[in-house]
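These notes are about the structure you will find just below.
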Amino acid sequence: MADYILKKYCPRVEFDSYEDFRDNFRIDVPEAFNFGFDVVDEWARVEPGKRALVWCDDAGEERTFTFDDIARLSNQAANGFAALGIGKGDVVMCILRRRWEYWVTAVALCKLGATIIPASLQLTKKDVAYRANSADVKAIVCVDDDYVCSQVEAALPESPTVKQKVLVAGERPGWLGFDELLAGQPDAFERPTGDAGVTSQDIMLMYFTSGTTGNPKAVLHNFAHPLGHIITAKYWQQVQEGKLHMSVTDSGWAKFGWGKIYGQWIAGAVIFAYDMDKFVPTKLLQKIQDHQLTTFCAPPTMYRFMLQEDVAAYDLSSVGNFATAGEPLNAEVTLAWERLTGKKIREGFGQTEGPVLLATFPWVEPRPGSMGKPSPLLNVRLLDDDGAEVPDGEEGAICVTGLEQAYPPGLFVGYYADPERTAEAVGGSYYNLHDMAWRDSDGYCFFVGRNDDVIKCSGYRIGPFEVESALVEHPAVVECAVTAAPDPIRGKVVKASVILARGYEPSDALVKELQDHVKKTTAPYKYPRIVEFVDELPKTIGGKIKRKQIRQTDGIHD
């Protein structure tokens with residue numbers, strides 16, 4: 001049954017080179033694709049005993065689910081939600097951490113044709129109410145967490161469209177228990193047809209972006225979206241059918257869709273989910289060793305913190321491919337990881353708005369500091385302000401081009417209830433991510449920074465990522481953020497906000513040592529004239545550094 005589902009949608013799944021992959025990979029999107037029926041139920045039909053999910057938590061609980069289990073439970077959940085009045089086009093917000101019930105709920109709502117809003121446990125009352133009212137949320141499914149449940153309850157009087165609330169893994173007055181939702185429901189659910197059925201162009205997912213400035217935007221993905229993640233899972237993360245894959249992410253983030261459900265199940269991989277109470281590097285390393293994972297993906301910050309531990313003490317030899325995304329990967333991290341494990345980390349790049357856009361695919365040798373090369377289908381180009389492609393070595397904006405010719409599956413289709421912003425973003429011939437990069441003569445792309453984050457100082461343009469990469473090469477630095485700070489003579493200077501590794505204390509001597517290190521590692525004019533030692537960096541709910549907030553605190557207003 002190798003690649004059984006993949007071959008339904010991809011005329012070719014094997015390629016001889018990156019160029020062959022780039023030029024000849026294709027996804028055939030049917031008129032009415034539904035991940036619940038066409039992937040989960042299809043695996044359950046042809047191979048009912050096939051493992052789909054291995055789930056565990058910090059309390060010692062562990063469960064294994066086959067595709068038949070997920071199909072049966074999602075059918076019960078679909079019937080339960082239908083009994084609550086949830087149907088095609090209704091919007092349901094899910095705040096479920098990494099609970100196994102998320103997979104069941106997501107598949108059930110997909111089968112119903114409902115729209116899912118994955119959300120984080122960090123949402124406040126204001127966040128919940130904003131999302132509920134912006135998207136006409138009809139129901140909320142929430143894990144039994146006192147903080148988030150109290151925020152939901154406080155938001156409900158201001159959220160008149162919310163009619164139902166379902167609680168997972170607990171009991172709470174006024175909430176319908178998830179077990180109660182499923183109890184007595186048939187384990188069969190017929191695929192809706194006619195007006196109740198979905199097309200590939202109907203809206204399946206709605207992600208609210210992190211909102212580093214202003215209110216979050218509601219990013220819309222249609223039912224073809226999972227097919228776009230074939231590239232993410234099969235060709236970047238390199239998941240293997242029947243083998244365990246882990247992406248470290250919460251269900252409230254778009255990275256969950258990248259790494260813990262869609263492309264992985266299309267490729268027949270087994271998702272390994274660790275519902276950790278909090279990130280403890282040694283516990284994560286132990287899970288990788290004990291469960292003998294085959295493929296693994298985590299953000300660079302987690303690799304950095306794992307490298308603060310004795311990585312060599314753990315047997316990670318089962319992992320054939322390490323991957324990372326979510327933020328740029330500093331070269332020193334991948335070099336240190338390779339020294340300890342013998343394996344390089346394959347970087348991928350993208351946004352909430354799409355699947356992986358650039359990556360180190362199987363035929364691309366990882367190059368420290370590089371995001372890799374463009375994905376097929378998406379026609380990624382680096383463009384200048386006039387829309388012309390920049391030559392090698394020059395900075396350009398990362399853009400998905402050719403939208404008027406063939407709209408790629410996986411790319412978002414707009415912003416909810418905002419036709420003007422939608423037209424500006426994807427209504428023309430290309431979508432500009434407003435992330436800056438440059439390309440070398442071999443076609444490798446290197447991240448520079450968000451367009452707004454690039455520092456203009458004394459006539460120079462300085463990308464924050466290059467300076468951050470230089471800093472994290474120093475053993476004293478675990479994590480840092482480089483931003484512009486005001487200066488009476490130069491206008492702006494480079495500032496570094498630094499989190500120190502264990503065993504290091506702030507001092508003037510250490511400031512000079514870090515400055516000298518940057519001068520030796522990169523162009524001397526890029527060194528941080530200001531170094532501030534901090535305990536934490538401001539981050540979005542999705543875990544990305546809020547450089548704009550640091551700039552504004554320092555008096556820089558874009």
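Only this structure's heavy atoms are used, side chains among them; waters, hydrogens and symmetry mates stay out. Start at 1 with the first residue, then count along the sequence. In this text, all values refer to a predicted model and were calculated from it rather than measured experimentally.
In this structure, E347 contributes its side chain and A323 its backbone to no donor-acceptor pair below 3.5 Å. A side-chain donor-acceptor contact under 3.5 Å links W363 to the backbone of F15. With S497 contributing its side chain and C480 its backbone, the two residues share no donor-acceptor pair below 3.5 Å. Side-chain atoms of T124 come within 3.5 Å of backbone N or O of D127 as a donor-acceptor pair. No donor-acceptor distance shorter than 3.5 angstrom exists from the side chain of K234 to the backbone of D3, with no hydrogens or angles considered. Within the 3.5 Å criterion, the main-chain N or O of V356 finds a donor-acceptor partner in the side chain of T232. In this structure, S375 contributes its side chain and L357 its backbone to a donor-acceptor pair below 3.5 Å. In this structure a side-chain-to-backbone donor-acceptor pair under 3.5 Å is missing from T249 to K255. Checking side-chain atoms of S251 against main-chain N and O of R97 turns up a donor-acceptor pair under 3.5 Å. Here the side chain of S429 pairs no donor or acceptor atom with the backbone of G402 at under 3.5 angstrom.
Judged by distance alone, the side chains of Q240 and T295 never bring a donor and an acceptor atom under 3.5 Å apart. Side chains of D20 and S17: no donor on one and acceptor on the other come within 3.5 Å. Using modelled atom types, one finds a donor on one side chain and an acceptor on the other under 3.5 Å when comparing Y527 with R529. With hydrogens and angles left out, the side-chain atoms of R131 and S134 include no donor and acceptor closer than 3.5 Å. A donor and an acceptor atom, one from each side chain of Y444 and E365, are nowhere located under 3.5 Å apart.
Atoms SG and CG, from C399 and D384 in turn, are 9.5 Å apart once rounded to the nearest 0.5 Å. Taking CZ of F412 as the reference point, atom CE of M206 lies at 13.5 Å (rounded to 0.5 Å). Note that CG of L316 is 9.5 Å distant from CG of L340, once rounded to the nearest 0.5 Å. Distance check, rounded to the nearest 0.5 Å: CG of D250 to CZ of R98 gives 5.5 Å. The CG atom of L293 sits 9.0 Å away from the NE2 atom of H245 when rounded to the nearest 0.5 Å. Distance check, rounded to the nearest 0.5 Å: NZ of K546 to OG1 of T483 gives 15.0 Å.
Contact between W236 and A325 at its shortest, heavy atoms only, is CH2-CB, 3.6 Å. Closest non-hydrogen pair, S318 versus I288, comes out as OG-O, 4.3 Å. Here the closest non-hydrogen pair linking I27 and C10 is CG1-SG, 4.1 Å. When every heavy atom of A501 is checked against every heavy atom of V478, the shortest pair comes out as CA-CG2, 3.3 Å. Considering all non-hydrogen atoms of both residues, V493 and P486 come closest at CG2-O, 4.5 Å. The minimum heavy-atom distance between H221 and E353, with the atom names listed, is CE1-O, 3.3 Å.
Ring geometry, H229 versus H225: the interplanar angle exceeds 60°, so the pair is classed perpendicular (tilted spans 30 to 60°). Taking the six-membered ring where tryptophan is involved, the planes of Y102 and F256 are perpendicular, since the angle between them exceeds 60° and thus also 30°. Ring orientation note: the planes of Y303 and F296 are nearly perpendicular, at an angle over 60° on the 30°/60° scale.
Annotation: side chain of D418 is not in contact with side chain of Y416 (no heavy-atom distance under 4.5 Å). Counting heavy atoms from C-beta on, the side chains of L403 and Y431 come closer than 4.5 Å. Between M276 and V248, the closest side-chain pair of non-hydrogen atoms falls below 4.5 Å. Using a 4.5 Å heavy-atom threshold, the side chains of V319 and T294 count as separate. Using a 4.5 Å heavy-atom threshold, the side chains of P528 and V518 count as touching. Looking at N222 and Y407, their side chains never come closer than 4.5 Å, going by heavy atoms from C-beta outward. Residues R346 and T334 are not in side-chain contact: their nearest non-hydrogen atoms beyond the backbone lie 4.5 Å or more apart. N432 is listed as a side-chain neighbour of Y430, based on a closest heavy-atom distance under 4.5 Å.
Note that K287 lies outside the cation-pi zone of F272, set by a 6.0 Å cut-off to the ring centre and a 45° limit from the axis.
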Exercise. Could you please spell out the steps behind the side-chain contact (heavy atoms from CB on, under 4.5 Å) verdict for L382 and I398?
Key: CA-CA 5 Å; L382 304 183; I398 302 171; 3.7 Å; yes

Self-check item: Derivation and outcome, side-chain contact (heavy atoms from CB on, under 4.5 Å), residues T115 and M204
Solution: CA-CA 5 Å; T115 299; M204 184 189 83; over 6 Å; no

Practice problem: For E479 and T301, run side chain to side chain donor-acceptor pair (under 3.5 Å): C-alpha distance rounded to whole Å, both residues' side-chain angles, the deciding distance at 0.1 Å, then the answer. | Solution: CA-CA 7 Å; E479 190 173 27; T301 296; 3.2 Å; yes

Quiz item: Should E468 and R547 be marked as a salt bridge (Lys or Arg N to Asp or Glu O under 4.0 Å) after you check the CA-CA gap, both sets of side-chain angles, and the distance that decides it?
Solution: CA-CA 12 Å; E468 290 167 359; R547 292 178 180 83; 3.1 Å; yes

Practice problem: Go through the steps to decide whether F447 and L329 satisfy the test side-chain contact (heavy atoms from CB on, under 4.5 Å), and finish with yes or no. | Solution: CA-CA 9 Å; F447 186 76; L329 176 67; over 6 Å; no

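Surrounding CG of D23 are more than 12 heavy atoms belonging to other residues, nucleotides or ligands, all under 6.0 Å away. Residue-environment remark: CD (E404) exceeds the threshold of 12 foreign heavy atoms within 6.0 Å. No more than 12 heavy-atom neighbours from other residues, nucleotides or ligands sit within 6.0 angstrom of CD on E424.
Residues meeting the ring-ring contact (aromatic ring centres under 6.0 Å, His included) test with F35, sequence neighbours left out: Y262.
In summary, the aromatic rings of Y9 and F33 are positioned with their centroids under 6.0 Å apart. Taking the six-membered ring for Trp and the full ring otherwise, F322 and W337 have centroids separated by under 6.0 Å.
Residues D516 and K520 are not paired through a salt bridge, judged by the lack of any N-O separation under 4.0 Å between the basic side chain and the carboxylate. Note on R367 versus D440: salt bridge recorded, some NZ/NE/NH1/NH2 to OD/OE distance being below 4.0 Å. The residues D28 and R26 are annotated as salt-bridged, a charged nitrogen and a carboxylate oxygen being separated by less than 4.0 angstrom. A salt bridge links E532 with K495; the closest basic N to acidic carboxylate O contact falls under 4.0 Å. A salt bridge is defined here as a Lys NZ or Arg NE, NH1 or NH2 lying under 4.0 Å from an Asp or Glu carboxylate O, and K283 with E309 fails to meet this definition.
Screening E395, E389, E394 for a salt bridge (Lys or Arg N to Asp or Glu O under 4.0 Å) involving R439 leaves a single residue, E389.
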